[in-house]
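Below: the structure, in structure tokens.
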Amino acid sequence: MGTILKFCETSCEYTANTYDIMTPRQQFIQTLIAHIKYPFDRNAIRAEFENHLDELTETFTDLGMSLEDAELEAVHQMGNPDDIGKQLNAVHNPIIAWLYFGLKIVLVISVVYILIAIYPSLSRTVDIARAPKPSLTTALENENPTFVQPVEGAMTIANTDYTFLNFAYFDDNLLVITVHKETPPFTVFSTDIQYLDWTMTLNGKLLESGERSNYTMPGIPEGGFAALDTHESFALKVYSQTEFYLIVRNVMEAPESIKITVNRDDGVAISTDLERK
């Protein structure tokens, strides 16, 4: 009893009857843990000191002590549980711990909110990825152009191969060329013909950059190519990951021939001719 009461000189929460049924080891742990204000650290601290006491008790029993004496000596070796508990509580500051816990809750709520917010677009992206990917060549024919013409033409720019598949002309002075784009596997960057220094010649006449309005697009908008005139966002009803349309507006007549020339950074010009049959 004298040893047990020593541990409770400054902060004992237990009655004399409680001491009668608790071992010195149990009293040591309970007194120490009573000082830890942050509840989520108590189990870890308890387990740590239980392990220390186990190791010391085993050491003393190996020296020939009885189990009871070994446990008592292990408790003595640990020191005053009040002092240890106060020191640990200062390290496991409850204010900082609660702030950290609150930040984790806020982070979880923020992630859930973001996932809920982006789910519709994420779901649409997944649906698009699983949807069939029809050829843009066939899709272009279904848009009822004035004419559509298969062609043969190709060029390589840096690490990207371009193959020209067909071109179509629409009554609203719209020229659409279907292009297949291919890059080597695991390529991070590829060229985009829209942003290169390129020119287009229609029926032998150079189409000045000021006369043309051009786009590249990986599919057909929901409202058809007329949706390009609205300058509003739109979804694609047909799309492709390996093909795209080179769209040129303000083409006043259906061309018999098209020549596309790309001027590379090294000064070399690469051309391809697309002839209407």
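- Here the OG1-CG distance, from T156 to D161, works out to 3.5 Å after rounding to the nearest 0.5 Å.
- Interatomic distance, D83 CG to L32 CG, rounded to the nearest 0.5 Å: 10.0 Å.
- Remark: T59 pairs with no residue by the side chain to side chain contact (heavy atoms under 4.5 Å, CB included) rule, at least two apart or across chains.
- Sorted by first then second residue, the ring-ring contact (aromatic ring centres under 6.0 Å, His included) pairs that include residues 246-276, not counting sequence neighbours, number zero.
- In this structure T261 satisfies the side-chain hydrogen bond (donor to acceptor under 3.5 Å, both in side chains) test together with S271, sequence neighbours excluded.
- Q77 CD: more than 12 foreign heavy atoms inside a 6.0 Å radius.
- By the neighbour-count criterion of 12 heavy atoms within 6.0 Å, atom CD of E50 is densely surrounded, having more than that number from other residues, nucleotides or ligands.
- To the nearest 0.5 angstrom, L165 atom CG is 10.5 Å from L140 atom CG.
- Ring centers of F167 and F147: under 6.0 Å apart, within the cut-off.
- A side-chain contact (heavy atoms from CB on, under 4.5 Å) with R249 holds for exactly one of N173, D172, L175; it is D172.
- Counted within 6.0 Å of CD on E55, heavy atoms from surrounding residues, nucleotides or ligands total more than 12; the atom is thus considered enclosed.
- To the nearest 0.5 Å, atoms OH (Y245) and CD (E143) are separated by 7.0 Å.
- T183 and N159 form no side-chain donor-acceptor contact under 3.5 Å, judged by distance and modelled atom types alone.
- Side-chain atoms of S257 never come within 3.5 Å of backbone atoms of E275 as a donor-acceptor pair (strictly under, hydrogens ignored).
- Here the CD1-CZ distance, from I36 to R46, works out to 10.5 Å after rounding to the nearest 0.5 Å.
- Summarising the geometry, atom CD1 belonging to I260 is positioned 4.0 Å from atom CZ belonging to F164; distances are rounded to the nearest 0.5 Å.
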